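Working notes for the structure below.
Within every chain, numbering begins at 1; the chains are lettered A, B, ... in the order of the sequence lines, protein sequences first and strands thereafter. Remember, it's a predicted structure, so these values are computed and weren't measured experimentally.
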Amino acid sequence: MVDGVRHYDAIVIGAGLSGLVAAGLLAEAGARVYLIAKGGGFLHFTSGCVDVWGDGTPNPRASVTRVSRELPNHPYARAGTESLEKGVAFFSHVMADAGYPFEGSLDRIRLMPTAIGSVRATCLTPATMSAGDLVDTAPTLIAGFSNYRDFYPPYLAANLRRQASINVTGAYLDLPHLHGRKHLLSTDLAHDFGNAQFREEVGRNVRRILGGAERVGFPAVLGGERAQEVSTHLQTLIQSSVFEISTLPPSVPGIRLHTILRRSLTRRRVRVEIGFWTGGRIVGTRAESLVVRSAGHETTYTADCFVLATGGTGGGGIRAFPDGRLQETVFDLPVRGPNDRNAWARAEFLSADPQPYSEIGLGVDARLRPLDRSDRAIENVFVTASNLPGWDPVRERSGEGVALATGWRVAREALDLLGLRSESTPVTARAQS
Amino acid sequence: MSVADFPAFEAHRIELSTDACIKCNVCQSYCPVSNVTDLFPGPKYVGPQAQRLRIGPSVDHSVDYCSGCTVCTRVCPSGVRIAELNSRARAAMVRARGGPSLRDRLIARPELMGQLSRPFAPLVNYTLQNRLFRLALQAVLRIDARSPMPTFSRRSFRAWHRRYPYRSDRKVAYFYACSTEYYEPELGEKAVKVLERNGYQTLLPPQNCCGLPLISNGDYAAARTYAQRNIRRLLPMARAGIPIVATSTSCSLTLKQYYRDLLDIRTEEADLVASNVFDICEFLRILYERGQMNLDFGEVDLEVAYHAPCQLKSHGIGRPALDLMELVPGLLPIEMDAECCGTAGTYGYKREKYDIAMKVGETLFEQIADTGAPVSSCDSETCRWQIEHGTHRPSLHPIEILLQGYEGKA
């Protein structure tokens, strides 16, 4: 008996932001989609905010327009500015429909405190973080939990006082509920915050130390996907504004995005497969199939088009070997970039100049289709985000913006190819509820 | 040349995968057990972190609270075989203690329980429904009195099958598993009928329990004996190119993968058997893809809340049951996204673990209730029993729903 062959309109490889969004857009337009990823998805490691451009300039949209003009190889330039706007609109719709609304605008940065009290420029944040915008200088209390690591309120407050010149103090809550517990992860606390009695205990303890603070910052653990409800309840209990601050992984706001996006996919009958390594096959200039190493035997999937959202060097989409060789891990497409290992990074770890490794990525044509070794475009494969060269999400603070822009753009390209595109599609985005 | 190219690597692939851990914590955030109890610190701590210290005696007894749902292994972006590390660590701990407890020896042998109970099925069932007896069982053996104990069937599936007349040139071998023979013979009967509707005659090669309950309870030595016997018994089918189908996704995963990966049975024979095993829905989906599936379904006006069990997800074959149910006109399967029902085979039956299993299952139970669907569906038997227990509504195997389609009635 030979193995089965499954056929889909589109196969999306990767469960990061660009892959999940591309899959959602495709499914919404009526495509049959299969999404496969070899791990639980990159969103678990992200802040849960939407960074667009954070070099200190006040207007992200204007920065993106400038970057698109000045750096023709930047993914923003390749995707087009319309893509960013539409990608962000789709994302915001899905989140709002799940009861986890995002706030902010492409025309203004938000300055958010980090877990170490530095100031970080982002663009959109979940509403549960909004009150933390440091444009507002209201007196602030930062509250942490005595047996939760990686979040130290006094340290955070001291740093923030220096960096943002606001009146801020930090304190640990020593809650009877948490006595005798194991050392807590953010996910454990998020689970506890799902419980109204726990919230009441937190509320009582915060009231006691509130002083003159007009807002209270917590580590981002205020419940799972129902964080909006949890945070509203806390505001009532404390009688002051409440906001979340992104934490080190496991990052609950990142997990929420993953959960909400993935749920919107299963509701649109996208098959989501997590945990398997794959290899793809290209014949001539067309990708034909993807082989999944299933238990006991292999399963082959075919599709009319493929979205390669495998996350570049950081996400496993591009593998770097000790000898400097770079390999694209699904289709073995040629990788651009320095293949001398010593030339990958500057001597200064946090250099203000671009790191050479940000030039590592796949060569693509104007439609984000990868180029083969003879520079011919693979006609039914589309490349997103970190698989593209010419940008650095860390230095630019542009990770989610690029993921949403390229995710939207490849979905449109794929829908054109499938003949499924309707003009209104991506903007009428609505998650089923 | 990488470490993977050394021959010794293959034999230690699971232990060596520890070194790939980058402490990213994604396994921690997915683990359904550590998310609801402090008794289990979580897969990262018990898996790759404790593994570095396991050179002599067992260092971390909390590994016993791992339910074996396997989500950690699937979500690990670095390829660490966390669930497998935990399973082996538990086996080493059990070995060091001189073997499993009496309870674990008993509940790990559903086949033996079935054989002993069948002649007295009505009496045994009556006794098992008796609250006082269950409390006594809980006191003596620490089997939780609230756990959803299946009832023993008086009928034998094999005996039913002997008299079943359908013959065809196209044949499949059916690994029906203990639950079909001793608890749910009707599921086996329905599977035979669905296969018949597709022109396949079902053969029942001699077989025994797959051994997964023994693996889960840390008794690798006994599991290996079971495994060797199954491989010997199923080999003629595999050699003849007859597909071996199974209605329990946990048993089929054991045959496909655990014999090799956990029990270290790496023979050509074992691999041949493994590559010939198919989940029954996976098999039917292959027929569909080849244009050979019977699509003569009647209308089934039914909403079904479908839960893909953990072990099915570890097959890496997508959602074959959903693919098939979507072929039935009128049928509306809705996929749940909660990771786990909590019971994980025998885990939820244990006195010290019942509450954890129910807490894990809560998310799934709520999701199923929220759909308003009158029935749920799942491919593994203990999960179905747990889901029925937690949702108070029937949970069916996808094959039972397909047969409704063939028989044209809801």
Please state whether the side chain, the backbone, both or neither of [X] comes within less than 4.5 Å of a heavy atom of chain A.
| X | answer |
| --- | --- |
| B/Q311 | neither |
| B/T37 | backbone |
| B/L255 | neither |
| B/S252 | neither |
| B/R319 | both |
| B/C76 | backbone |

Checking heavy atoms, do the side chain of [X], its backbone, both or neither come under 4.5 Å from chain B?
| X | answer |
| --- | --- |
| A/R262 | side chain |
| A/R181 | both |
| A/L185 | side chain |
| A/V272 | backbone |

Test: B/R285 cationic atom under 6.0 Å from B/Y288 six-membered ring centre, within 45° of axis:
no
Under the 6.0 Å and 45° cation-pi test, does A/R32 pair with A/Y8?
no
**OP:** Would you kindly say whether B/Y306 and B/D379 are connected by a side-chain donor-acceptor distance under 3.5 Å?
**Re:** yes
Are [X] and [Y] close enough for a salt bridge, meaning some N to O gap below 4.0 Å?
| X | Y | result |
| --- | --- | --- |
| A/E225 | A/R263 | yes |
| A/R256 | A/E244 | yes |
| B/E282 | B/K256 | yes |
| B/D323 | A/R6 | yes |
| B/K313 | B/E339 | yes |

Scored by heavy-atom pairs under 4.5 Å with chain B, the best of A/R293, A/H44, A/H191 is A/H44
